[in-house]
Participant: 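Here it is, the structure in full.
Predicted model only: the values in this text are computed from it and were never measured.
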Amino acid sequence: MGDNWKLTIGTTKGKKFINLYINNTRFRYWNGKVIGVKIKSTENADLLRSAFEIKLLEGWRPEKKKAIKKSTQKAPLTIISEIEKGVDKVLDGNYSYHHKRDVQWVFREFKCYLSDRSLHNVQTTDLSLDVLKEFILQSKWSERTQKNVLTTLKCITSGTLNEKLSSIKTRKVKSTLHKPVRDIQSLLKAVRTYNDPLYICCLLTYGCLLRPHQEIRLLKWGDIDFKREIISLSGARNKSGRNRIVPIPLYIKSELEKDSPQMRNTCLGIVNSHTAKTT
């Protein structure tokens, strides 16, 4: 027929097979099924090779290999996989510790919620709006927490899921007006009697306008400049993200100087070291 072919016996992992080269194309056979003989290469490779040779001389030719087209369409992501991408982006980004912590917490809560309802493998397009509402508006959370959960989910989602979340409305959080303290001196005396470090914390909160949860709790003696009468905090140490310098009133300075430690690099320990007294 004018075409060139070569027939050999090959071996792979200790098992023999028929190796056929024809027109620069390779074919491998472990049995004679394609030529209508019931012989296996593992049983008698030489006999099987002879059977293929006879068929080739008679004009038999193997069918051309069909090209296997790889699917370019990606399998749709599950909702958990999609959100996980958003979580990883936040964790790798230049975001605050608290935002990253909130993102991880909301993601864990959402995974548990879907898992309990056997929805952890559901695709984004198949997740109903009602399920999202039920998760966000859970009665175990306050209205403030519900709003924070919704906002956090929006930060780690995109596309269809983000559009669904944008259509969810939480209840408006009502502001609480705290009554002003009329007698500050008496209140501070009572706090000092209860716990001295807590008293210093109150002084810094109301006298220097420092935030108690992070700025005061993580305050170091090295942040305080007694000569210039200021407290200096870098952007990484406060909520605004900007460097912050606040003056120290004399009455607070005198209280701080009483307990100034020898190690200027250590934590001030106003909240960390205090143990509330039990009455």
Participant: Using a strict cut-off of less than 4.0 Å between a Lys/Arg side-chain nitrogen and an Asp/Glu carboxylate oxygen, indicate whether Glu84 and Lys89 qualify as a salt bridge.
Facilitator: no
Participant: Any chance you could measure Thr151, atom OG1, to Gln146, atom CD, to the nearest 0.5 Å?
Facilitator: 11.5 Å
Participant: I need the Asn148 CG to Ser142 OG distance, nearest 0.5 Å.
Facilitator: 7.5 Å
Participant: What residues join Phe17 in its hydrophobic cluster, counting side-chain heavy atom gaps under 4.5 Å, either direct or through other members?
Facilitator: Trp30
Participant: Rounded to the nearest 0.5 Å, how far does CG of Leu129 lie from OG of Ser167?
Facilitator: 4.5 Å
Participant: Thr170: which residues meet the side-chain hydrogen bond (donor to acceptor under 3.5 Å, both in side chains) condition with it, sequence neighbours left out?
Facilitator: none
Participant: Looking at Glu215 and Arg244, does any basic side-chain N land under 4.0 Å from a carboxylate oxygen?
Facilitator: yes
Participant: Between Lys16 and Ala45, is there a donor-acceptor pair closer than 3.5 Å when you use the side chain of the first and the backbone of the second?
Facilitator: no
Participant: How long is the gap from CG on Leu210 to CG on Leu233, to the nearest 0.5 Å?
Facilitator: 6.0 Å
Participant: Looking at OH of Tyr199 and CD of Glu255, how far apart are the two atoms once the value is rounded to the nearest 0.5 Å?
Facilitator: 4.0 Å
Participant: Charged N to carboxylate O under 4.0 angstrom, Glu53 versus Arg49?
Facilitator: yes
Participant: Check for me whether the distance between the ring centres of Trp5 and Phe27 falls short of 6.0 Å.
Facilitator: no
Participant: Could you work out, with ring pair (Phe, Tyr, Trp, His ring centres under 6.0 Å) as the rule, every residue matching Tyr95, not counting sequence neighbours?
Facilitator: His99
Participant: Test of understanding: with ring pair (Phe, Tyr, Trp, His ring centres under 6.0 Å), list the residues that count as partners of Phe107, not counting sequence neighbours.
Facilitator: none
Participant: Other members of the hydrophobic cluster containing Ile230, with the 4.5 Å side-chain heavy-atom rule, please.
Facilitator: Ile245
Participant: Give every residue pair that meets the salt bridge (Lys or Arg N to Asp or Glu O under 4.0 Å) criterion with at least one member in residues 107-123, sequence neighbours excluded.
Facilitator: Glu109-Lys140
